[in-house]
Amino acid sequence: MSNRGGVEILTTDEVLRRYHGGPKSGVFTDGSCEGNPGPGGWGFVWVENDEVVHEGRGVDPNTTNNRMELTALIAAYETLPTDCATSVYSDSQLCVKTVNEWAAGWEKRGWRRKSGPIANLELVQKLYALANAHPQVTLEWIRAHDGSRWNEYADALASAYMLAGSGE
């Protein structure tokens, strides 16, 4: 365990020992950024009946939190077979609302918002296309840091770059 700026950073092993609540199946995603912009990371974990099926993570030396949240979702959808029926969870309301509520209208308007440009447009377009290519997958919001084991695990994957930089 590490503490950066008052935020506790856990390893995935620490998460598994500490947390047991939340959904037992699905794909859980998270993005992290130290500073905004700054160095960041993303992670996802696909679990079935409390067992890891697949996980992934990555880093970016100069990014934003929203870019990392979107990247985690993209990587998760890219991992899933197109005929997969599951839930994908994100603790980013912005990302969930983007896919579930706003993107269809933006696409109809030529990828424009009434109020101005769409931030991270290339990532939004890619994620929206992937979500549409997985018709049996639902994207759901999950509260951050509420003790949900697999959401905390995804957070640990996304934050691993911070531990690597601290010598742990």
Side-chain angles (χ1 to χ4, degrees), residues 10-33 40-60 63-113 118-161:
L10 301 176
T11 66
T12 53
D13 287 341
E14 290 168 330
V15 166
L16 292 176
R17 285 193 299 274
R18 183 180 291 187
Y19 297 104
H20 302 283
K24 306 297 182 198
S25 294
V27 181
F28 300 80
T29 68
D30 205 3
S32 175
C33 195
W42 59 268
F44 76 88
V45 59
W46 177 8
V47 295
E48 295 295 334
N49 300 314
D50 241 6
E51 297 292 327
V52 174
V53 174
H54 190 73
E55 66 182 56
R57 69 181 187 194
V59 298
D60 189 319
T63 191
T64 65
N65 189 69
N66 287 341
R67 287 188 71 79
M68 293 293 89
E69 294 280 2
L70 290 163
T71 301
L73 281 162
I74 289 166
Y77 273 97
E78 288 177 335
T79 298
L80 295 172
T82 55
D83 63 347
C84 185
T86 192
S87 293
V88 173
Y89 297 95
S90 171
D91 60 19
S92 169
Q93 285 194 32
L94 177 69
C95 289
V96 172
K97 287 181 178 182
T98 292
V99 171
N100 290 343
E101 298 177 27
W102 305 326
W106 296 341
E107 184 179 45
K108 285 179 187 170
R109 289 190 293 277
W111 290 103
R112 290 180 182 82
R113 288 183 346 166
I118 300 166
N120 303 307
L121 179 58
E122 76 286 0
L123 295 177
V124 169
Q125 289 173 320
K126 186 171 187 176
L127 175 57
Y128 188 62
L130 285 165
N132 285 332
H134 291 82
Q136 297 181 77
V137 173
T138 59
L139 177 57
E140 300 180 41
W141 179 74
I142 189 168
R143 184 174 302 280
H145 307 296
D146 72 345
S148 171
R149 174 183 240 185
W150 298 110
N151 192 53
E152 299 288 349
Y153 190 98
D155 179 73
L157 291 171
S159 301
Y161 73 96

Euclidean distance, [Y] [atom2] relative to [X] [atom1], rounded to 0.5 Å:
X      : Y      : atom1 : atom2 : answer
Asp30  : Glu69  : CG    : CD    : 5.0 Å
Asn65  : Leu70  : CG    : CG    : 9.5 Å
Asn66  : Cys95  : CG    : SG    : 6.0 Å
Thr71  : Phe44  : OG1   : CZ    : 12.0 Å
Ser159 : Glu152 : OG    : CD    : 10.0 Å
Arg143 : Tyr89  : CZ    : OH    : 15.0 Å

Would you name the heavy atoms of [X] and [Y] that are closest together and state the gap between them?
X      : Y      : result
Ser32  : Tyr161 : OG-OH, 3.6 Å
Ser148 : Phe28  : OG-CE2, 4.4 Å
Trp46  : Pro81  : CH2-CD, 3.8 Å

Heavy-atom donor-acceptor pair, [X] side chain to [Y] backbone, under 3.5 Å:
X      : Y      : result
Thr79  : Ala75  : yes
Arg149 : Leu16  : yes
Ser87  : Val137 : no
His134 : Leu80  : yes

When you look at Tyr77 and Leu139, which way does the side chain to side chain contact (heavy atoms under 4.5 Å, CB included) test go after all the steps? CA-CA 10 Å; Tyr77 273 97; Leu139 177 57; 3.6 Å; yes
pair Ile142-Pro23: side-chain heavy atoms closer than 4.5 Å: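 A side-chain contact under 4.5 Å exists here.
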Within a strict 4.5 Å, meaning less than it, do heavy atoms of the Val52 and Trp150 side chains meet?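 Yes. Closest side-chain heavy atoms under 4.5 Å.
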With sequence neighbours excluded, residues passing salt bridge (Lys or Arg N to Asp or Glu O under 4.0 Å) with Arg57: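 Partners of Arg57 under the salt bridge (Lys or Arg N to Asp or Glu O under 4.0 Å) test: none.
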Please list, chain by chain and in numerical order, all residues satisfying salt bridge (Lys or Arg N to Asp or Glu O under 4.0 Å) with Glu78, sequence neighbours excluded.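 Counting only residues at least two positions away or on another chain, Glu78 forms a salt bridge (Lys or Arg N to Asp or Glu O under 4.0 Å) with Lys126.
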Which residue pairs pass the side chain to side chain donor-acceptor pair (under 3.5 Å) test when at least one of the two sits in residues 97-113, sequence neighbours left out?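 Those involving residues 97-113 are Arg113-Ser115.
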Those residues that, when tested against His145, pass ring-ring contact (aromatic ring centres under 6.0 Å, His included) (two or more places apart):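 Expected list: none.
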Qualifying residues under side-chain contact (heavy atoms from CB on, under 4.5 Å), relative to Thr12, sequence neighbours excluded: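 side-chain contact (heavy atoms from CB on, under 4.5 Å) check on Thr12 returns Tyr153, Ala156, Leu157.
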Set of side-chain contact (heavy atoms from CB on, under 4.5 Å) partners for Asp13, sequence neighbours left out: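 side-chain contact (heavy atoms from CB on, under 4.5 Å) list for Asp13, sorted by chain: Thr11, Arg17.
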